[in-house]
Amino acid sequence: MSSKKNRQFTRREFLKATGAVTAAYAAMPLLSACGGGASSGGPVKLGILLPYSGIYAVLGESITEGMKMYFEEANNEAGGRKIELVTEDSEMTPPVAQQKASKLIEQDEVDLVAGIVSSGVLMGIRDYFDTNKKLLICANAGANAISRGAKTPYIWRTSFSNWQPCWPLGTWAYENVAQKVYVSVPDYGAGHNMADAFMNSFQAAGGEVLGTQYTPFPQMGDPAPFITDIQSADPPMVFCFYSGGAAVTFVKAYGEFGLSGNVPLVCAGFTVEEDVLPAQGDAALGASSGLHWALKLDNEENKKFTAAYKERTGKDANVFAVQGYDTGRVIVDMLNAVEGDTNTDKMIEALGGVSFNSPRGPFSLDANSQNPLQHIYVREVQEVDGALHNVVIKDLGPFADPGDDSKG
Ligand code: PHB
C-alpha cells in the first residue's frame, strides 16, 4: 500500500483502533516552529527514544550500539549531510515516552525519531506522531495493530510485528514437537499478540491448548506460582514469550523446577536471545524458538556484522543490535534517496523502496504493513565451542505481516 493510500484512514478509524487512552495525546498540538524539516545543509537531527532503565534496558543499549555502528560505517553522514543524534530514555511507561517524544520534536527540533522497545509505549505514542505528522522509525516494539488497524503513514518498523516470529512457529511446533501446549506470556500487548499468533496456527494444524497464563508486566515478581501452575497442567510442551530481565527470571525458574530438558520449551526467540543466554545458562539448553535472526545464521553480512560487533563491544551480538544496525541502514538509505531533504512526506515515500541484504538475510520494507518482509528461522539453543548459542535448524521462509487480524 502506498503512503498516499494509507492516508485514506480517517482519524475516527484510528481512534477506534487505538482506544481512548492514546486519544489524549492526539489532542496535544505541535508548536508551529516544528513543521519545517527541509534540507538546510546542516546536520540531520535524529531523535533516539529507547529504554535505558527497567527490564528492557539491555535491549535499548543493544539497539543504540548497533545503530551507531552502522552510522560510523557510513561516516555519520547521508544524503550529503551529517547525522546528529539526540538520545532520550523512554523508560517503560507511555506517559514518560510521550513527554520525551514531544521534547525531542518540539524543543530539540529533530527531523525524525527512531527507537521504541515496548508495544505498550508504541501504542501510547502513536497518535502523537500521527497527529503531528512526524516520522517514527520503530526499531523493536512489535504491536501488530501498527501494521493493521492503527496503521499511520508516519510510523514504519524495521524490526518485526509480534505475529511474525510466532505464527509460523505454531505450525512447526505441532508438526515437530507436540500436539498439546501450555502458553505463558506477560500480560501486555506484546504477550497477547504473540500468544494469539502461536495458538492460531497451532490450533489450525489440529493442536490443543491445555491452558494459558498471563503474568504481571513489567515485573513478574516471584515466578514460582506460574511454574507450579504449568507443572499441574502436565503439558508435553510449553510456548512462551519473555524478554530482557523477565526472560532470565522465567527460564531460570523453568530450570530450577526441573522442567528444562523434560518439557520442551518452544518460544518467541527473544526469550532465549544472546543477551539473556549467559544468565540463563543450562536452563535454556535445547529450547527451540522462532525469530528473524540467529547468531550463527550463515551469510556474509552476518559473519561481518557479528565479528565487528564483538570487536567493538566485547560481547556477542543479539537480535536487538541487528535491528539497530538495520535501522541505521534504513535511515541512511532513505536520506540518500531524498538527497538529504528531510521533508516528512518525501522521507516516507522513500521508505517503501528500501531493501538490502541484512545480517538477518534478505530484508525489504513491505509497503502494505510498513514492516519488514523477512525470513523466520527456527533456532535451537546448543552448546557451540563451550558456550550456549542459537543455531538455525530450519529456515521457514519469508513472512510479511498479513496487515489484518485474520491469522491471529
Ligand atoms: C514488545 O513489547 O513489542 C516487545 C518487547 C521485547 C521484545 C519483543 C517485543 O523482545
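None of the values given here were measured: they were computed from a predicted structure. Whatever order the structure lists them in is the order used to number ligands and atoms, beginning at 1.
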Any pair with a residue in residues 200-212 that passes side-chain hydrogen bond (donor to acceptor under 3.5 Å, both in side chains), sequence neighbours left out, goes on the list, sorted by first then second residue, please. Trp167-Asn200

Counting only heavy atoms and a distance below 4.0 Å, can you name the residues contacting ligand 1? Tyr56, Leu59, Val117, Ser118, Ser119, Asn140, Ala141, Gly142, Phe160, Asn162, Tyr188, Ala190, Met194, Phe241, Ser243, Phe270, Phe320

Parallel, tilted or perpendicular: which one describes the rings of Phe305 and Tyr325, with boundaries at 30° and 60°? tilted

So do the side chains of Val44 and Glu84 get within less than 4.5 Å of each other, counting heavy atoms only? no

Can you pull out every ring-ring contact (aromatic ring centres under 6.0 Å, His included) where at least one residue sits in residues 276-297? Sequence neighbours excluded, please. Phe160-His292

Does the side chain of Asp187 come under 3.5 Å of the side chain of His192 through a donor N or O and an acceptor N or O? yes

Can you tell me which residue pairs pass the ring-ring contact (aromatic ring centres under 6.0 Å, His included) test with a partner in residues 366-406, sequence neighbours excluded? none

